[in-house]
Number of protein chains: 2
Amino acid sequence: MVQSELVDLEKKLRDAQLRPTKQRLALAQLLFSDGNRHITAERLHSDAMEANVAISLATIYNNLHQFTAAGLLREVVVDSSSSYFDTNIAPRHLFFHEQSGTLKDIAKDDLKVDNIPPLPEGTEISSVDVIVRVSSTRR
Amino acid sequence: MVQSELVDLEKKLRDAQLRPTKQRLALAQLLFSDGNRHITAERLHSDAMEANVAISLATIYNNLHQFTAAGLLREVVVDSSSSYFDTNIAPRHLFFHEQSGTLKDIAKDDLKVDNIPPLPEGTEISSVDVIVRVSSTRR
DNA sequence: CAATAAATTAGAATTCTTCTAAACAAGAAA
DNA sequence: TTTCTTGTTTAGAAGAATTCTAATTTATTG
């Protein structure tokens, strides 16, 4: 692990008004050091165990929510059985592979949504989420 | 309740290879007699209680899944806290009101999705779901 | 009317997530 | 540094939604 990386992560946390504790830094590292990730709490917990980071599941949940509130993560609802968190916070859409439960980002500009009808009275758009559900071609 | 309605519902169930039991007919009535519905298991259960239909929650879940497997309902994933079932099985998109948890269909032709990028290798589209999340305008 | 296959049920069990209250660690101030 | 305050972590309990189990009841078929 590179020293400057840790410094960057610490700044990222501080900017979000989150104290860079040992656990928080470790999670930030697991989440943000390696390209885009789409991860569940359970998965992140086992990643942490594998990396020999002692951290409880409660802390994982706490931090996933704090990161989300701070705009460092985005929660994704694609599957009723558990919540996913996406490290890509830019507007984007998603492929969801139904068999594997895998997510893949679609850049916003790679997909167009047009002609949204009038919104229900007294509401404004908070987001437009497109999920392209795919499944393995049986052959 | 109209007699012919019951006959229709019974046929609908038989066509789906589901025996028209007392509970199943009652649920079908609650679900399909009154325009489009977007409903959770808990909500359907309390509707049934109000209508004086004795039915257990396990049976509600069993039937929601059987109806879904038979193509009479469609499961909608919009909210991580509980599953919704939609009586509109035609292709459509959805408004989701974040404060109230209310869903509203958007006819397929009222919204256009274009330029879906190449699918992941070895997959085919199973559905394209657009959820327009709206929230009350604060004013 | 059996016989059999399907459906229903109460309650237990599971899974994911949140809560609680105590111990601990970080940053600020003296 | 030491002290104080406040934020963080934690184990384990609690909660909520859903599924399972195994026994009973109901629908259909012969």
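As a basis for the values below, the full set of heavy atoms in this structure was taken, side chains included, without hydrogen atoms, waters or symmetry mates. Chain letters run A, B, ... following the sequence lines, proteins first, then strands; residues in each count from 1.
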Subject >> Spacing of A:Leu18 atom CG relative to D:dT9 atom C1', expressed in whole Å >> reply: 14 Å
**OP:** Return the value, rounded to whole Å, for the distance between atom CD of B:Gln66 and atom C1' of C:dA7.
**Re:** 8 Å
**OP:** Please tell me which of the listed nucleotides, D:dA27, D:dT18, C:dT18, lies nearest to the side chain of A:Tyr61?
**Re:** C:dT18
Original post:
Using a cut-off of 4.0 Å on non-hydrogen atoms, how would the nucleic acid contact of A:Ser80 be classed: base, sugar-phosphate, or nothing?
Top reply: nothing
Subject >> Nearest-nucleotide pick for B:Thr21, side chain only, options being C:dT17, C:dT8, D:dT8 >> reply: C:dT8
**OP:** Return each pair, listed once, that meets salt bridge (charged side-chain N to carboxylate O under 4.0 Å, His left out) where at least one residue sits in residues 23-45 of chain B; pairs must be two or more places apart or across chains.
**Re:** B:Arg37-B:Asp47, B:Arg43-B:Asp47
Original post:
At under 4.0 Å between heavy atoms, what does A:Ser83 touch on the DNA or RNA strands: base, sugar-phosphate, or nothing?
Top reply: sugar-phosphate
Original post:
With respect to B:Ile39, which candidate in B:Ile60, B:Val76, B:Leu31 satisfies the side-chain contact (heavy atoms from CB on, under 4.5 Å) definition?
Top reply: B:Leu31
**OP:** Respond yes when some side-chain nitrogen or oxygen of A:His65 is under 4.0 Å from OP1 or OP2 of C:dT17, and no when none is.
**Re:** no
Original post:
If an axis is fit to five pairs at each end of the helix from C:dC1-D:dG30 to C:dA30-D:dT1, what is the angle between the two, to the nearest 10°?
Top reply: 20°
Subject >> Separation of atom CG in B:Leu25 from atom P in D:dT26, rounded to whole Å >> reply: 15 Å
Original post:
Does any non-hydrogen side-chain atom of B:Phe95 lie less than 4.5 Å from one of A:Ile125?
Top reply: no
**OP:** Answer yes if the side chains of B:Gln99 and B:Ser136 hold a donor-acceptor pair under 3.5 Å, and no otherwise.
**Re:** yes
Hey, what are the protein-to-nucleotides 10-13 of chain D N/O distances that come in under 3.5 Å?
residue: D:dT10; atom: OP1; partner: A:Gln23; partner atom: NE2; Å: 3.2
residue: D:dT10; atom: OP1; partner: A:Ala54; partner atom: O; Å: 3.3
residue: D:dT10; atom: OP2; partner: A:Ser56; partner atom: N; Å: 3.0
residue: D:dT10; atom: OP2; partner: A:Thr59; partner atom: OG1; Å: 2.7

**OP:** Indicate whether OP1 or OP2 belonging to D:dT28 is found under 4.0 Å from a side-chain N or O atom of B:Arg14.
**Re:** yes
Original post:
Do the side chains of B:Leu27 and B:Leu44 get nearer than 4.5 Å, heavy atoms only?
Top reply: yes
**OP:** Would you indicate which nucleotide in D:dA27, D:dA17, D:dT9 comes nearest to any side-chain atom of A:Asn63?
**Re:** D:dT9
Original post:
What does B:Ser81 touch in the nucleic acid at a heavy-atom separation under 4.0 angstrom: a base, only the sugar-phosphate, or nothing?
Top reply: sugar-phosphate
Subject >> Side-chain touch A:Val130/B:Asp129, heavy atoms, less than 4.5 angstrom >> reply: no
Original post:
Using a cut-off of less than 4.0 Å, is there contact between a side-chain N or O of A:Arg24 and OP1 or OP2 of D:dT9?
Top reply: yes
**OP:** Answer yes or no: does atom CD of A:Glu121 have more than 12 heavy-atom neighbours from other residues, nucleotides or ligands under 6.0 Å?
**Re:** no
Original post:
Between A:Arg43 (CZ) and C:dT15 (P), how many Å, whole number?
Top reply: 19 Å
**OP:** Would you mind reading off the distance between B:Gln17 atom CD and D:dA27 atom C1', rounded to a whole angstrom?
**Re:** 15 Å
Original post:
Below 4.0 angstrom, N of the basic side chain to O of the carboxylate: do B:Arg92 and B:Asp86 qualify?
Top reply: yes
**OP:** Measure the distance from CZ on B:Arg19 to C1' on D:dT25 and round it to the nearest whole Å.
**Re:** 12 Å
Original post:
Hey, does A:His45 reach any base, or is it just sugar-phosphate, or nothing, if we go heavy atoms under 4.0 Å?
Top reply: nothing
Original post:
Looking at A:Lys11 and A:Asp15, does any basic side-chain N land under 4.0 Å from a carboxylate oxygen?
Top reply: yes
**OP:** Considering non-hydrogen atoms only, spot the tightest contact between B:Asp79 and A:Val77 and give its length.
**Re:** N-CG1, 3.6 Å
